[in-house]
Amino acid sequence: MTIHDEMYEKNGVITPLYQNYQKWLAKQDPDLLNKKHREAQLLFARLGITFAVYGDGMGNERSIPFDVIPRLLSQSSWNTVALGCIQRIRALNLFLKDIYHQQEIIQAGIIPAEQIINNSQFRPEMKHIYVAHDIYAHIAGIDIVKVNDNEFYVLEDNLRTPSGSSYMIENRRMMMRLFPELFSKLNIAPVDHYPEILVEGLRAVSPQQVKQPTVVLLTPGSYNSAYFEHAFLAQEMGIELVEGADLFVKNDQVFMKTTEGPQQVDVIYRRIDDDFIDPEAFRADSMLGVPGLLRPIRAGSVTLANAIGTGVADDKSTYVFVPEMIRFYLGEKPILNNVPTFRLTIADDFMYVLANLENLVVKEVQGSGGYGMLIGPQASRDEIDTFRKKIMAHPEKYIAQPTLSLSTCPTLVEKGIAPRHVDLRPYIVSGREVKITPGGLTRVALNEGSLIVNSSQGGGTKDTWIVGE
Amino acid sequence: MLSRTAENLYWMARHIERAENTARLLDATYHSLLMPGHNQESPNAPSWEVPLISMGLIEHFYELFTQLTPENILQYLVTSSDNQSSIFSSLAAARENARTVRGAITSEMWESINSTWLEFKDMSDLQLNPSQVGKLFDRVKRRSHVFRGVTVGTALHDEAYHFIRLGSFMERADNTARILDVKYHILLPTIDDIGGAVDYYQWGALLKSVSAFEAYRKIYRDVIDAQKVAELLILRMNMPRSLHACLDEIDGILNIMITLNNYEARRLSGEIHAKLHYGQIKTIIKRGLHEYLSEFINDMALLSTEINRSFFAINHDWFSDRPYFS
């Protein structure tokens, strides 16, 4: 299995894409990158661009490690990714509408009914509820890996509350601060307008036909690991950052408590999971959400972005069906590949996976953040045996995939510059139309050989440059 | 604007102002201890107790410490996390307020407040040495100046700005009144000292603690005497830390923000303001400065409660036909 490094051709020559950057890099004092790296760390700390680490004590904030070497993608490969992502999100939104209404895809025999009905993320409360413009996943992040030149695979669709867009923007600002000369040399697509795309998309789905709909961002609060991002986005969009206690429901409408009294809210960009969003409808022990919020949603007086119940479309067992959805709803050929995926509820797949655990990646269907995974080739005997037992007890909770040879990018590590595995999460906003910001968040596995890029697992980020020809 | 945001902004400003005032108070106390002729044995000697009395913390102090030493006082008022009014706690709280409402302040304001906090943590990790704390106080004061400057220079002059300013002046008015009251209370009883060197240094230190020494000289061109100091810090509306100047601001801000919903806050501030605007120092002294200041501190507490009720504690019932003028 050869690993594709994005900076080099197979014969070790620098790719045309990276040539200008490499020329610049070669001319720099060897210590420059280290200096810039320290500067970036300092700036991130001073700006308070942090995330909280769970289980690490309340209020313990850390900066996500930031790599000063950018990742470059050509305009043409980006076009493929962008069109592929937009296509996927269009299909996924149609799928969500379908399964909460007619369920044609089930009747057509393309997705088994139990995949939907038995899915813990399926919310029967949302059945036959109209959501504005039939959009369910207003904000999506799609995790993509590159395997070869122009060969991309989708790892996962994130349709609930995908995070990281603030880092995409802050990383770019940091790079412009550290290496302004590079930006005048290279034709790099901007990402700063993401919040504008976002707020425009959110305004477009207001149920009320008002000129200036009131949009708010609902956060679980300042102890949430992504609080920085919530505050950042609210500020960039010029909307209120609210907590559950700032909102209340009256007469099937949502209001926020302002200094001038209650103000009606039209659109809520929520960063609280379904389970916690409405203690009356879901988990009663939750203090984070808004009691009774489901009522105005059902009455159609407020739009929740993303809609309740989108999780049914992004779990790892539904993922398998996305290419089929694209064919079914859009009549198109999928632009982006799925990673071949074994469903353990299918007997043949089950037998194959059990026999080949050491070659496969096994993931929990509902897992996230890099937790609950088995990476076969890197796992010990014991770990494999433990996983085997888990799978046998609950095959429906897992899927398995072959390990892909993820591409690497040159990355600054302690010993200098070395290749490290990366993935990419572009952000897609569905409002009046489906829009995508060029680039996205590149996450990098900082440990040598590691495939896990999650910030909770020691991953870092780097800026993604879509370089025009 | 969101009530919770307004409340956080208001308290952010109050906490910064409080940190500054604590630093000022300690700095002034410290300086007066250095003055020639000061004798620790005299009953009216300046004491490290003064800042504790002024802040109403003397009992709490003795719950934590047995001895009144400069080191203990400094630890308690500067770096203690057990004392909610210490500079440490004030800056931590201000930073937490700011972090919670980051979206409502400019990034330069946030950077200023966050680096104030980081820098203070670094500095206060050093041994608290009475001979070196002067530098720390200067730093706190300067940082507070910078924060105010950044606020004025970068924030949109909208509602958020008004709440920040409201917090600053509410806290400042309270602090000036307390500083004045305590000094007066402690200093005045000994007739012997009046007009003497000790008195001069004491009132001089007080004026310096509120950056009013030079202003006093400019306005009165006279020796320092208690009545004039009181007039300067209570009634002079062009003296930035005087009660009158603070109430000018507070009343102005509430006047802008007035709706039927918060009429009572506006009425109260107008009443307090009027007493200052039309007040006479002779009458105040005649009635008793301490009594006057106690009443002022009480009035401000009422106003504070009313601000809380009008802007921050919005509840569901607000909807129904609440009587506005009850």
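Throughout, protein chains are lettered first and strands after them, A, B, ... in sequence-line order, and every chain is numbered starting at 1.
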Checking A:Q235 side chain against B:V101 main chain: does a donor-acceptor pair fall under 3.5 Å? no

Residue B:T106 versus chain A: region with a heavy atom under 4.5 Å: backbone

Contact listing (chain A partner; residues 156-167 of chain B; heavy atom under 4.5 Å): B:E159, B:F163

Between B:M1 and A:E260, is any pair of side-chain heavy atoms under 4.5 Å apart? no

Partner residues of B:H60 under the ring-ring contact (aromatic ring centres under 6.0 Å, His included) criterion, sequence neighbours left out: B:Y76

Does A:Q253 have more than 12 heavy atoms from other residues, nucleotides or ligands lying within 6.0 Å of its CD? yes

Between A:T258 (side chain) and B:S3 (backbone), is there a donor-acceptor pair under 3.5 Å? no

For a quick test of reading the model, state the closest non-hydrogen atom pair linking A:S222 to B:R99 and the distance between them. O-NH2, 2.8 Å

Just so I understand: if I count every heavy-atom pair under 4.5 Å between each of B:E7, B:M257, B:R4 and chain A, which residue has the most? B:R4

Beyond-backbone contact of B:R102 with A:Y227, side-chain heavy atoms, under 4.5 angstrom: no

Engaged part of B:L2 at the chain A interface, taking heavy atoms whose separation is under 4.5 Å: both

Sort A:E243 into side chain, backbone, both or neither according to what part of it lies under 4.5 angstrom from a heavy atom of chain B. both

Please determine whether the number of non-hydrogen atoms from other residues, nucleotides or ligands lying under 6.0 Å from atom CD of A:E196 exceeds 12. no

Bottom line for B:T5: the part with an atom under 4.5 Å from chain A's heavy atoms is side chain

